[in-house]
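Below: one structure, written as structure tokens.
The sequence lines fix the lettering, A, B, ..., with proteins before strands; numbering per chain opens at 1.
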Amino acid sequence: MYRLRRLKSQLFTALSIAVAILVFATIAHILLSVAVNGVGVIASAGIDFFVKPPPPPGAGLEGGIGPALAGTIILVALSAVLGVPLAVLTAVFLAEFPHSRFSRLVKLFTNSLLEIPTVLVGMLVYVTLVTSTGSYSILAGAVALSIVLLPYTSTYVERALEMVPATYKEAGYSIGLKKAQVVWYVTSRIARRGIAAGILIGLAKAAGETAPLLFTLGGALYSYPTSPASLLEPGNAIPLLIFTLTLAPYENWHSVAWGAALILTLMVLGLIIAVRLVVREVKV
Amino acid sequence: MAEPRHDKLFYYTLLPFASTSLAIVLLLASILAVNSLPAIERYGLSLLTRNVWSPVELDPEASDYGLLAPLLGTLVTATIATMASIPIAASLVYVSEEVLPARMLRVRSAISILVDVMAGMPTIVYGLWGALVLAPLLLNYVYQPLNKYFGFIPLFACSPYTGLNILTASLLLSIMITPFVFAVVRESYTQIPLSYREASLSLGTTKYEHFRIMLGIIKPSLIAGALLGFGRAASETVAVTLVVGNAFNLPYCLLSPGYTVSALIANQFNNAPLYPYMESVLLFSGAILLLLGLVSNLAGLIMLSRVKARV
């Protein structure tokens with residue numbers, strides 16, 4: 001009897017290990033496909049890959065992701081400017097007044113914002129901003145991305161603020177500091193690494209999202225953002241460019257998409273690794 | 001509780017900023033509701049029960065829409081993805097928490113890093129890999145044999161042409177949501193009190209029996225993982241759009257190209273202003289997506305709070 005039970009257990013273990021290996025083989029396959037195909041394309045296009053627009057459909061690999069790379073950098077920076085202050089202030093509100101009725105409501109809605117399909121964020125910005133300005137624009141894309149970033153950053157920053165031991169805050173109160181002063185001089189200084197991690201997570205999300213940009217950014221393939229006025233004109237971003245290139249039936253566009261995916265993966269994974277480094281040092 | 005005046009001031013200074021997320025969600029809900037009214041008035045319930053997509057430029061009378069195919073497509077792909085990801089996530093939890101000995105901390109942390117990478121990877125990268133690598137692979141080594149030898153089963157009866165179909169979308173989604181389901185289940189699993197573990201082990205259980213008992217304790221979190229995973233799978237857009245095939249077929253056969261609500265929006269919303277009622281129909285389908293996402297997530301969170309009550 002016991003032998004049978006043991007056999008069953010060993011079978012289950014073997015099966016589970018096989019499943020785990022299959023999962024990690026899949027993720028390795030994805031990463032390797034991106035790395036191998038991406039490196040090949042970037043190597044053959046050289047430095048042009050980072051500065052030139054994509055090649056014409058079906059016409060070799062003489063080009064790259066210049067406009068989209070510039071667009072992603074501008075979009076991430078702009079969405080951080082718009083979204084991070086809101087996220088941090090929301091987090092301070094939630095951490096400092098956790099028992100007010102309104103703060104429970106805010107928390108509920110922040111959580112739902114976290115789970116709302118991001119394509120709907122694109123629809124929202126389209127209906128409100130794009131139709132009223134009459135054009136797709138980098139600004140509209142940045143607004144959509146800042147909405148995506150907001151709940152992630154505010155959730156992580158709130159957690160970091162809550163982890164600051166009450167004794168430090170009480171020490172602040174005991175020397176007559178007001179609540180706002182304690183947040184500024186005590187809590188935020190102690191939680192600074194956690195706050196930084198929350199901001200980086202938000203940036204990683206904003207850099208990698210595609211769906212909010214579908215109806216806001218415009219997907220301009222060849223034009224570069226050159227002046228501040230370009231913010232009100234259509235632009236492009238790496239994720240959106242990959243989407244466009246992959247949907248199209250051209251081999252050379254697919255190759256450029258692999259190269260773009262490599263750059264995007266490196267950017268996003270770099271941010272995630274940065275978060276891990278920052279947070280690990282907090283724990284020590 | 002009487003708060004000092006300056007703290008009240010602080011509260012009211014932060015209030016408008018903190019209300020942003022609330023305002024965004026309410027604005028989104030009301031915009032979707034208001035803008036889908038014309039479509040509801042024009043087509044009524046038949047929007048949900050018919051499979052039609054014939055927009056006619058400048059002719060509101062002739063334009064006709066019914067969302068049945070994308071709706072079923074979303075339900076079918078998200079359900080298959082969820083059903084596949086639950087056992088996968090449970091196996092991963094078993095391997096990382098029970099099979100690997102506690103001293104192999106490095107391997108455990110490697111697993112958690114890899115899962116983080118999986119969860120954090122931009123979805124468009126999954127889409128690119130799914131469309132250019134996974135779909136051709138499945139077509140040659142799985143779909144064609146499946147159709148050849150199991151074609152008598154209606155689900156596999158249609159001959160696969162491109163590899164871009166409902167089943168590919170489901171499988172890709174299952175890979176994408178596995179890390180989230182894993183995170184939910186493992187978090188609860190590690191919170192099971194030591195006394196419960198010892199009680200189970202003291203009965204002389206094998207590893208497998210022990211794991212079954214532990215899973216029984218955190219059963220609500222398995223359901224929560226399923227609900228949250230379902231919500232994510234239903235709302236995923238770009239990766240699905242790239243692999244689902246984008247054709248208005250009802251998903252009777254898993255090997256034929258299909259549609260999901262999110263893919264429909266992604267493909268059609270940019271052209272919608274050209275056709276009468278199309279924008280309204282798409283915003284209505286967005287409202288359904290929002291509802292589906294919010295309900296499954298809310299149910300998932302309620303389930304999670306039940307686990308917390310248990311352990």
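- Taking both residues in full, the closest heavy atoms of A/F24 and B/I111 are given as CZ-CG2, 3.9 Å, listed atom of the first, atom of the second, then distance.
- The neighbour count for A/E251 CD, taken as heavy atoms of other residues, nucleotides or ligands under 6.0 Å away, does not exceed 12.
- Contact count versus chain B (heavy atoms, under 4.5 Å) is highest, among A/T128, A/L120, A/V268, for A/L120.
- With a 4.5 Å cut-off on non-hydrogen atoms, B/T205 touches chain A through its backbone but not through its side chain.
- Put simply, of A/A211, A/G122, A/A180, A/A261, the one with the most heavy-atom pairs under 4.5 Å next to chain B is A/A180.
- The residue among B/L132, B/L114, B/L289, B/L290 with the most heavy atom pairs within less than 4.5 Å of chain A is B/L132.
- Aromatic rings of A/F93 and B/F17 (six-membered ring for Trp) have centroids beyond the 6.0 Å cut-off, not under it.
- Looking only at heavy-atom pairs under 4.5 Å with chain A, the residue among B/V125, B/L283, B/N297, B/V95 that has the most is B/N297.
- For A/H29, the parts lying under 4.5 angstrom from a heavy atom of chain B are both the backbone and the side chain.
- Within 6.0 Å of OH in A/Y185 there are 12 or fewer heavy atoms belonging to other residues, nucleotides or ligands.
- The part of B/P273 that comes within reach of chain A is its side chain, from C-beta onward, which places non-hydrogen atoms under 4.5 angstrom from that chain.
- Side-chain contact check for B/L128 versus A/F243: every heavy-atom pair is 4.5 Å or farther apart.
- Nearest heavy-atom pair across A/T90 and B/A18 is OG1-CA, 3.7 Å.
- When only modelled atom types and interatomic distance are considered, A/T13 and B/Y94 share a side-chain donor-acceptor pair under 3.5 Å.
- Contact annotation: the side chain of B/S21 approaches that of A/L150 to within less than 4.5 Å [non-hydrogen atoms, C-beta and beyond].
- For the pair B/L282/A/M123, a side-chain contact is recorded, criterion being any heavy-atom separation below 4.5 Å from C-beta on.
- Annotation: maximal heavy-atom pairing with chain A below 4.5 Å, among B/N35, B/T13, B/L14, B/V117, occurs at B/L14.
- Shortest non-hydrogen contact noted between B/M121 and A/T265 is SD-CG2, 4.0 Å.
- The structure places CG of B/L242 at 5.0 Å from CG of A/L247, a figure rounded to the nearest 0.5 Å.
- Heavy atoms closer than 4.5 Å to chain A are found nowhere in B/L134, neither backbone nor side chain.
- Salt bridge status for A/R276 with B/D116: present, with a side-chain N to carboxylate O gap under 4.0 Å.
- The structure places CH2 of B/W129 at 10.5 Å from CG of A/L31, a figure rounded to the nearest 0.5 Å.
- Between B/T206 and A/K8, the closest side-chain pair of non-hydrogen atoms is not below 4.5 Å.
- With a threshold of 4.5 angstrom between heavy atoms, B/A131 approaches chain A through side-chain atoms but not through N, CA, C or O.
- Contact of B/E209 with chain A is made through the side chain alone, with heavy-atom distances under 4.5 Å.
- Most heavy-atom pairs under 4.5 Å with chain B: of the set A/G208, A/S16, A/A87, A/S154, this distinction falls to A/S16.
- Neither the backbone nor the side chain of B/L228 comes within less than 4.5 Å of any heavy atom in chain A.
- Interface summary for chain A: among B/I265, B/L92, B/L301, B/V99, the most heavy-atom pairs under 4.5 angstrom belong to B/I265.
- Distance CD1/A/I30 to CE/B/M176: 9.0 Å, rounded to 0.5 Å.
- In this structure, OG in B/S91 is found 12.0 Å from CD1 in A/I21, a value given to the nearest 0.5 Å.
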Legend entry - Stepwise side-chain contact (heavy atoms from CB on, under 4.5 Å) check, A/V182 with B/F10: CA-CA 12 Å; A/V182 169; B/F10 189 43; over 6 Å; no

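- A/V127 touches chain B through its side chain: at least one heavy atom from C-beta onward sits under 4.5 Å away, while N, CA, C and O do not.
- A/K169 NZ: more than 12 foreign heavy atoms inside a 6.0 Å radius.
- Between B/G120 and A/I272 the shortest heavy-atom distance is CA-CD1, 3.6 Å.
- The contact between B/I31 and chain A is made entirely by side chain atoms (from C-beta outward), counting heavy-atom distances below 4.5 Å.
- Heavy atoms of B/L9 lying under 4.5 Å from chain A are absent altogether.
- For A/P239, the parts sitting under 4.5 Å from any heavy atom of chain B are the backbone and the side chain alike.
- Between the B/N270 side chain and the A/L214 main chain, a donor and an acceptor come within less than 3.5 Å of each other.
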Legend entry - Audit row: A/F12, B/R212, side-chain contact (heavy atoms from CB on, under 4.5 Å) steps and yes/no: CA-CA 11 Å; A/F12 183 73; B/R212 284 291 297 269; over 6 Å; no

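- Only the side chain of B/I175 has a heavy atom closer than 4.5 Å to any heavy atom of chain A.
- No part of B/E98 comes within reach of chain A, as not one of its non-hydrogen atoms sits under 4.5 angstrom from that chain.
- Only the side chain of B/L294 has a heavy atom closer than 4.5 Å to any heavy atom of chain A.
- Residue B/S30: no heavy atom, backbone or side chain, is found under 4.5 Å from chain A.
- How far CG of A/L15 is from OH of B/Y208: 10.0 Å, rounded to the nearest 0.5 Å.
- Highest contact tally toward chain B, considering only A/S103, A/A207, A/S100, is held by A/S100 [criterion: heavy-atom pairs under 4.5 Å].
- Annotation: maximal heavy-atom pairing with chain A below 4.5 Å, among B/A266, B/A239, B/G130, occurs at B/A266.
- Using a 4.5 Å cut-off between heavy atoms, B/V238 contacts chain A through both its backbone and its side chain.
- Residue B/R232 touches chain A through its side chain alone, counting heavy-atom pairs closer than 4.5 Å.
- Annotation: maximal heavy-atom pairing with chain B below 4.5 Å, among A/V106, A/L11, A/N37, A/V23, occurs at A/V106.
- Rounded to the nearest 0.5 Å, atoms CD (A/E115) and OG (B/S296) are 8.0 Å apart.
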Inset, instruction - Applying side-chain contact (heavy atoms from CB on, under 4.5 Å), run through B/F269 and A/V119 and close with a yes or a no. - result: CA-CA 10 Å; B/F269 195 63; A/V119 69; over 6 Å; no

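- Just one of B/I24, B/T20, B/L26 meets the side-chain contact (heavy atoms from CB on, under 4.5 Å) condition when paired with A/F109; it is B/L26.
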